[in-house]
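Beneath this line is the structure, given in structure tokens, with notes to follow.
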2 protein chains.
Amino acid sequence: MFSKSTEYALRATIYIAQKSSEEHKVGLAEISAAIDSPPSFTAKILQALRKDNKIIRSVPGPNGGFYITEKAKNLPVHAILKVMGEDDVLNKCVLGLDKCSEAKPCPMHSEYKFIKAQLLELFDRKTILDLENDIKTGEVFIKNSRKK
Amino acid sequence: MFSKSTEYALRATIYIAQKSSEEHKVGLAEISAAIDSPPSFTAKILQALRKDNKIIRSVPGPNGGFYITEKAKNLPVHAILKVMGEDDVLNKCVLGLDKCSEAKPCPMHSEYKFIKAQLLELFDRKTILDLENDIKTGEVFIKNSRKK
DNA sequence: TCAAAAAAAGATATGGGACTCCTTAATGGG
DNA sequence: CCCATTAAGGAGTCCCATATCTTTTTTTGA
Ligand code: FES
Ligand code: FES
């Protein structure tokens with residue numbers, strides 16, 4: 001559904017939300033270990049998220065790292081998708097028409113549109129804080145089991 | 001959602017269903033013009049669909065081309081996805097875990113699973129014939145408007 | 001003020017999807 | 001039987017997402 005970059009962005013953001021605060025930041029090494037992502041590549045993605053100035057923040061130097069404000073935790077998943085340039089992924093036509101629209105629908109559209117609406121609603125409603133809480137309260141994961 | 005190849009495969013199959021029969025086959029040039037896809041690339045995709053021996057058939061030579069049997073028209077969209085190797089696209093985890101499962105769910109899973117189920121159901125229920133009929137009866141398209 | 005720590009930035013692979021082109025094989029009509 | 005027609009097959013190009021490595025900049029704390 002999403003690119004690797006976006007998947008890492010989502011997982012990293014959730015982890016940062018879980019483990020950091022303005023007083024206690026988390027470093028790149030810890031993050032990429034926790035979400036099982038390539039460290040250098042994750043660095044690039046975190047840079048992108050940070051430059052956006054809305055989602056995460058960072059500070060270099062000793063005891064530096066990444067963190068997220070309580071306010072930013074209320075942003076919906078959609079905000080991350082937007083920064084990652086996948087805002088329109090869900091407006092893509094199933095059959096590959098230029099765009100999925102009521103005006104020029106493909107043969108799948110009349111049935112797909114309801115599912116699409118649910119996806120849009122979900123990514124718009126679910127906040128970073130929600131995802132963080134899910135981890136606290138339920139048996140959910142943001143990392144794969146150790147492979148080999 | 002799907003790769004370009006798969007999108008072309010779906011559109012091409014629909015067009016072939018619409019315009020061909022065992023007696024009247026349609027050629028590559030006509031197909032790629034009708035669905036607005038690169039001819040040479042489309043040829044590769046049609047080869048793949050043909051080799052599967054389930055979806056479409058073809059005959060070379062004068063008056064040759066591609067066609068689909070009435071029986072094959074009853075195959076679900078899912079069958080095309082399978083041939084194109086995108087069978088598991090819908091079992092991908094939103095956050096990029098190895099697989100989307102109840103056993104090891106990500107924080108999006110509890111809500112996403114219902115949407116996923118609808119997608120799976122749709123691709124399993126909707127047949128090639130259904131899509132063909134949609135074109136006949138409704139205002140739907142399998143090609144973009146001419147661009148410059 | 002200096003050194004260590006950590007992120008930022010930049011430069012450089014790599015693999016695969018998307019697409020092209022050329023040659024080969026099969027078919028049917030005359 | 002030959003030739004035009006059309007699909008099949010194979011080799012190769014291009015670009016971008018993914019990923020790595022190195023160097024620079026910023027910050028902290030001793
Ligand atoms: S137009 Fe194709 S899915 Fe909406
Ligand atoms: S496990 Fe992530 S979507 Fe199902």
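This is a predicted model, so every value here is computed, not measured.
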Hey, do the aromatic rings of A:Phe2 and A:Tyr8 have their centres closer than 6.0 Å?
no

Given atom [atom1] of [X] and atom [atom2] of [N], what is their separation to the nearest angstrom?
X       : N      : atom1 : atom2 : answer
A:Met84 : D:dA17 : CE    : C1'   : 11 Å
B:Ile31 : D:dA8  : CD1   : P     : 10 Å
B:Leu28 : C:dT27 : CG    : P     : 18 Å
A:Phe41 : C:dA8  : CZ    : P     : 16 Å
B:Arg57 : D:dA8  : CZ    : P     : 13 Å
B:Lys25 : C:dA26 : NZ    : P     : 17 Å
B:Glu22 : C:dT27 : CD    : P     : 14 Å
B:Ile45 : C:dT20 : CD1   : P     : 11 Å

Hey, does the side-chain of B:Lys51 have a donor or acceptor N/O within less than 3.5 Å of a partner on the base of D:dG9?
no

Quick one: does B:Lys44 reach the base of C:dG17 with a side-chain donor-acceptor pair under 3.5 Å?
no

Counting only side-chain nitrogens and oxygens, does [X] get under 4.0 Å of the OP1 or OP2 atom of [N]?
X       : N      : result
A:Ser58 : C:dA6  : no
A:Asn63 : D:dG29 : yes
A:Gln47 : C:dA7  : no
A:Tyr8  : D:dA19 : yes
B:Arg50 : D:dA7  : no
A:Ser5  : D:dT18 : yes

A:Glu30 and A:Tyr15 side chains, donor-acceptor separation under 3.5 Å:
yes

Side chains of A:Thr69 and A:Glu22: is there a donor and an acceptor less than 3.5 Å apart?
no

Counting heavy atoms from C-beta on, name the nucleotide in [options] closest to the side chain of [X].
X       : options                : value
A:Phe66 : C:dT20, C:dA7, C:dG28  : C:dA7
A:Lys4  : D:dG29, C:dA18, D:dA19 : D:dA19
B:Pro38 : D:dT28, C:dC19, D:dT18 : C:dC19

Please compare A:Gly61 and A:Pro39 by the position of their nearest nucleotide in DNA chain D and report the one closer to 5'.
A:Pro39

5′-ward residue of the pair A:Ser40/A:Val59 relative to DNA chain D
A:Ser40

Does a salt bridge link [X] with [Y], judged by any charged N lying under 4.0 Å from a carboxylate O?
X        : Y        : answer
A:Glu7   : B:Lys92  : yes
A:Asp134 : A:Lys126 : yes
A:Glu102 : A:Lys113 : yes

Identify whether any heavy atom of B:Leu46 sits under 4.0 Å from a base atom; if not, whether one sits that close to sugar-phosphate; answer base, sugar-phosphate or nothing.
nothing

